Amino acid sequence: MPADKERIVDVFRRWGYLQARLDPLGYLLPEHHPELLDLSGEDADFARGAYCGGIGADFMHIHHIDRRRWIQERMESPAPAPDRGPILDRILRAELLEEVLHGLYPGTKRYSLEGVSALIPLLDEILEAASESGGQELMLGMSHRGRLNVMVHIVGKSPADIFAGFEDVDPRSTLGGGDVKYHIGAAGEYRLRDGRTIQVQLVSNPSHLEAVDPVAIGRARARQDRAGVGGRARVLPLLIHGDAAFAGQGVWAETLNFADLNGFSVGGCVHVIVNNLIGFTTPPRQLHSARFAADIAKRQPVPILHVNAEDIDAVIRVGRIAAEYRSTFASDVVVDLIGYRRHGHSEVDDPTISQPKLYGLIKKHPPFSQIVAQQTGVDITASRRDIRTEFQAAQDEAAKASERPSLSLQPSYWQAYAGGCYNPALEVDTGISADEIRDLAGTLTSYPADFRIHPKVKKLLEQRAEMGKGTRPIDFGMAETLAFGSLVKTGTPIRLSGQDSRRGTFNQRHAVLVDTESEAEYVPLAHVGPNQGRCEIYNSTLSEVAVLGFEYGYSRDYPEALVLWEAQFGDFANGAQVIIDQFISAGEDKWGRLSGVVLLLPHGYEGQGPEHSSARIERFLQLAAEDNMQICQPSTAAQYFHVLRRQVLRAWRTPLIVFTPKSMLRHVSASSTVEELGRPRFLPVLPEREVENPLRVLVCTGKMGHELRQERSRRGDSSNAIVVLDQLYPFPVAEVRDELLRHATAAEVVWVQEEPANMGALTYVLPRLKRIIAHRRVRSIKRSASASPATGSAKAHELEQKTLIDMAFATR
Ligand SMILES: Cc1ncc(C[n+]2csc(CCOP(=O)(O)OP(=O)(O)O)c2C)c(N)n1
């Protein structure tokens, strides 16, 4: 291109999208950028044609010159005209599905796609293009808007299955459980033009907008890992967003940050914003500071392709560019499909109250199918009638159904695993022999001869080697590496991520050794045996919600693996509360979908202040019902070892919440022997071993048990038995009863916790203890109820802790 032309076209490459004709209703007016206005002549006309039509390509922020050139080339060459006939049929079907539902079920929410029905042909084109570069599976995450339509036209569900949701057949089958029809996940097959198929997974989704993003990406990564070489091309992740949610919800931006990270990348995700230029009743100028909701994607070198949802040729062209860009550069790409919303937010909502002018305009605006029919000169009367009849028949079929249809089968890799209530028959032995420990310890504490090890790490590995030989007590760090090592050795894959997890926040893990001169890495866990499972331990981004969402998603498609997320301190886990509440706690109840994800949450009152003390045991206990999770606080290294191995060796798949120690990590009283790791199983209750015929039984969990024992021996006391609950949920009723009955001389049972009265396990444990031992007095020792979990003063903490322990030993 001559230099002069290049200069002119370059201005359009940079700013042309601001003058593109993007909004079918003309609300989003072209912005008159002064640099563009001044340009005229043949070259400017050419560039204007390329960059100011129905596509607004915003890509000049991408610093990779090859990627910019690739887009330029696409935008500046003529695009082949698509065959509009079949496209019209797809738009007509999408719109008629909504119309028929509207007529049959007035006053029912369905979150219609009308106004952005071009989504269906857009997805068609993305899938066609993705399949041409090896795509065989689609992992699709989306919220409510157009979801039912996508289920029929992309996931391949029968319309009768969708109508059954409106008929609400078989309500007894979901009493207290299940989910609304526009949140439930589905699996199906998408048929390509040449008859081949793409397997589609539509991820179950809560109402919480964008929360599904990291879950879908984690699921995609798991399926890509399962597929092995070529997995990134094989599994296409695609997220559909609302414009308001895209601009407003941080979880999306946190998820985008995974794009190029070794442990989290999925080789690019195609994002589609179904942009109806409104969020419920709120217009764009109140929803985002930038001109476009999509602008937040510019935080990374990701192209944003705005497209007018009523320019069908442009929509098809954008679909192809997006899919090909993803496969060429393994990059994310955003398609901003700009249309409108024909009805209220849901169909029971009146939009004329907040947007009277806009909705006056929309009422007069013809459906997109009519516009395309006119453009193509096709009479759609007969097709309309035939498609309506087809949908009507589907409704008849649904009305007669007696059973709620299942929208997806679990993939075959779930066959060996069970959810539901705890079943003791699924228990397996988790101990390993002293020989195995010695062998593993040898491998896990060695490194290549020329590896320049850090002196502190060298010492730690030497100590671990002694632990393996039984000449030194085994601490938590060693117990964990032995658990991981023994599992990967027998083929179980392990995936752990969290902030600074490779070294460990408390300098306790050292899963990755770093050469002091070259910073080369060595992972002993990757060298335990010839046919070992993958052991992946990643430092995560500084996010809770996106990282936990990702790992939960990963666990959904990798039941054979031990998948763990570690919070830096358990206090930060509430940044991921939506994943805990909406997926981990309720996923099985709402969607029948299982996960064995493990949360490692450092917890304990050690004077480190309000945000480094409490993982909020009380919140997890409040969520616990129907055996939806296991909540444990292993108080010794051996208990930690067994609970980790139990989680994956047993066929029961339910999430595991582990409150992990901090100061106790290396504390000798929490350390274990080789024999304790060889014991068959995890013990939900650690019984009293020293005191006979006590006057009282102190019951507690975690670090408290060690502190109470220490104080007891300092006092030379023999009247208090100390019983430690290492599992809080499912509550080990039988074990607690046996232990309390064993101490029949004790007149009272005292629950002791370090958390304030409104926190910790108090309100959960007390009634259970009372129920078990109705005839004895049950009381509790705890900090006073408090708005903040812990004091900010280390000295105040010590005073409090001392008082607490004194009170525990005080007789009333
Ligand atoms: C995290 C969260 N906050 C609030 C809501 C309530 N809510 C449901 S839909 C909606 C508007 C969404 O607008 P947009 O993202 O543009 O999608 P649209 O419905 O317009 O397709 C809101 C605020 C929600 N579901 N999730």
Side-chain angles (χ1 to χ4, degrees), residues 22-25 27-28 94 98 109-120 122-123 140-151 179-184 203-216 239-255 271-297 306 309 334-351 353-355 358-359 362 544-546 549 574-583 586 590:
L22 297 175
D23 172 11
L25 298 184
Y27 265 63
L28 184 70
E98 302 289 356
K109 294 182 192 181
R110 71 194 142 85
Y111 300 104
S112 166
L113 190 61
E114 292 154 282
V116 272
S117 55
L119 176 68
I120 300 300
L122 172 72
L123 295 177
L140 178 59
M142 72 180 297
S143 59
H144 53 285
R145 179 74 51 209
R147 188 170 170 112
L148 301 175
N149 219 308
V150 166
M151 279 205 196
D179 202 351
V180 292
K181 48 192 168 290
Y182 37 84
H183 289 162
I184 284 177
V203 185
S204 303
N205 177 76
S207 195
H208 293 59
L209 295 166
E210 303 294 333
V212 76
D213 299 352
V215 175
L239 293 174
I240 301 178
H241 314 262
D243 50 314
F246 192 84
Q249 294 288 310
V251 59
W252 175 78
E254 291 184 25
T255 307
H271 301 268
V272 176
I273 304 176
V274 174
N275 190 347
N276 49 25
L277 295 174
I278 196 161
F280 206 149
T281 66
T282 308
R285 64 182 179 279
Q286 293 161 21
L287 285 167
H288 41 87
S289 292
R291 174 173 167 83
F292 294 99
D295 283 354
I296 195 151
H306 305 284
V334 176
V335 175
D336 182 21
L337 180 68
I338 302 179
Y340 63 94
R341 190 185 70 195
R342 177 156 296 281
H343 307 282
H345 171 57
S346 75
E347 292 61 34
V348 295
D349 200 69
D350 180 357
I353 296 167
S354 45
Q355 278 80 20
L358 172 64
Y359 276 83
I362 289 174
E544 280 75 30
V545 62
N574 59 6
Q577 202 64 49
V578 57
I579 302 296
I580 295 167
D581 292 346
Q582 267 52 48
F583 292 90
K590 292 193 289 187

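These numbers were taken from a predicted model, which means no experiment stands behind them. Both counts, for ligands and for their atoms, begin at 1 and track the order of listing.
Heavy-atom distances between His208 and ligand 1 reach below 4.0 Å in at least one pair. Not a single heavy atom of Val274 sits under 4.0 Å from any atom of ligand 1.
Looking at Arg341 against ligand 1, nothing comes within 4.0 Å, counting heavy atoms.
In this structure, atom 25 (N) of ligand 1 lies nearest to the protein heavy atom Ser207 O, 2.9 Å. Atom 17 (O) of ligand 1 has as its closest protein heavy atom Gly242 CA, 3.7 Å. Atom 21 (O) of ligand 1 has Arg145 NE, 2.8 Å as its closest protein atom, hydrogens excluded (heavy atom only). From the protein, the heavy atom lying nearest to atom 16 (O) of ligand 1 is Asp243 OD1, 2.7 Å. With hydrogens left out, the protein atom closest to atom 11 (C) of ligand 1 is Phe280 N, 3.7 Å, a heavy atom. Among protein heavy atoms, atom 22 (C) of ligand 1 sits closest to Leu209 CD1, 3.9 Å. Protein heavy atom nearest atom 3 (N) of ligand 1, with residue, atom name and distance: Gln249 NE2, 4.5 Å.
Under the side-chain hydrogen bond (donor to acceptor under 3.5 Å, both in side chains) rule, His306 has a single partner from Asn275, Asp336, Asp23, which is Asp336.
On a distance-only criterion, Ala245 and ligand 1 share at least one N/O pair closer than 3.5 Å. On a distance-only criterion, Gly279 and ligand 1 share no N/O pair closer than 3.5 Å.
The aromatic rings of His271 and Trp252 sit perpendicular, their planes meeting at an angle over 60°, well past the 30° parallel limit.
Distances from atom 6 (C) of ligand 1 to the protein include no heavy-atom value under 4.0 Å.
Of the possible donor and acceptor atoms, none in the side chain of Lys590 sits under 3.5 Å from a partner among the backbone N and O of Pro206. The backbone N or O of Glu347 sits nowhere less than 3.5 Å from a side-chain atom of Arg110 that would complete a donor-acceptor pair. At least one donor-acceptor pair under 3.5 Å links the side chain of Tyr359 to the backbone N or O of His343. Side chain of Glu114 to backbone of Arg341: no donor-acceptor contact under 3.5 angstrom is found.
The side-chain heavy atoms of His208 and Val251, taken from C-beta on, include no pair separated by under 4.5 Å.
Atom CG of Leu358 is separated from atom CD1 of Ile278 by 6.0 Å, given to the nearest 0.5 angstrom. Interatomic distance, CG of Asp213 versus CZ of Phe246, reported as 8.5 Å (0.5 Å rounding). Interatomic distance, Tyr27 OH to Gln355 CD, rounded to the nearest 0.5 Å: 8.5 Å.
Close approach to Ala244 involves these atoms of ligand 1, each under 4.0 Å from a residue heavy atom: 13 (O), 14 (P), 15 (O), 16 (O). In the vicinity of His144, heavy-atom distances shorter than 4.0 Å reach the ligand 1 atoms 9 (S), 18 (P), 19 (O). Interface of Asn276 with ligand 1, defined as ligand atoms under 4.0 Å from a residue heavy atom, comprises 18 (P), 20 (O), 21 (O).
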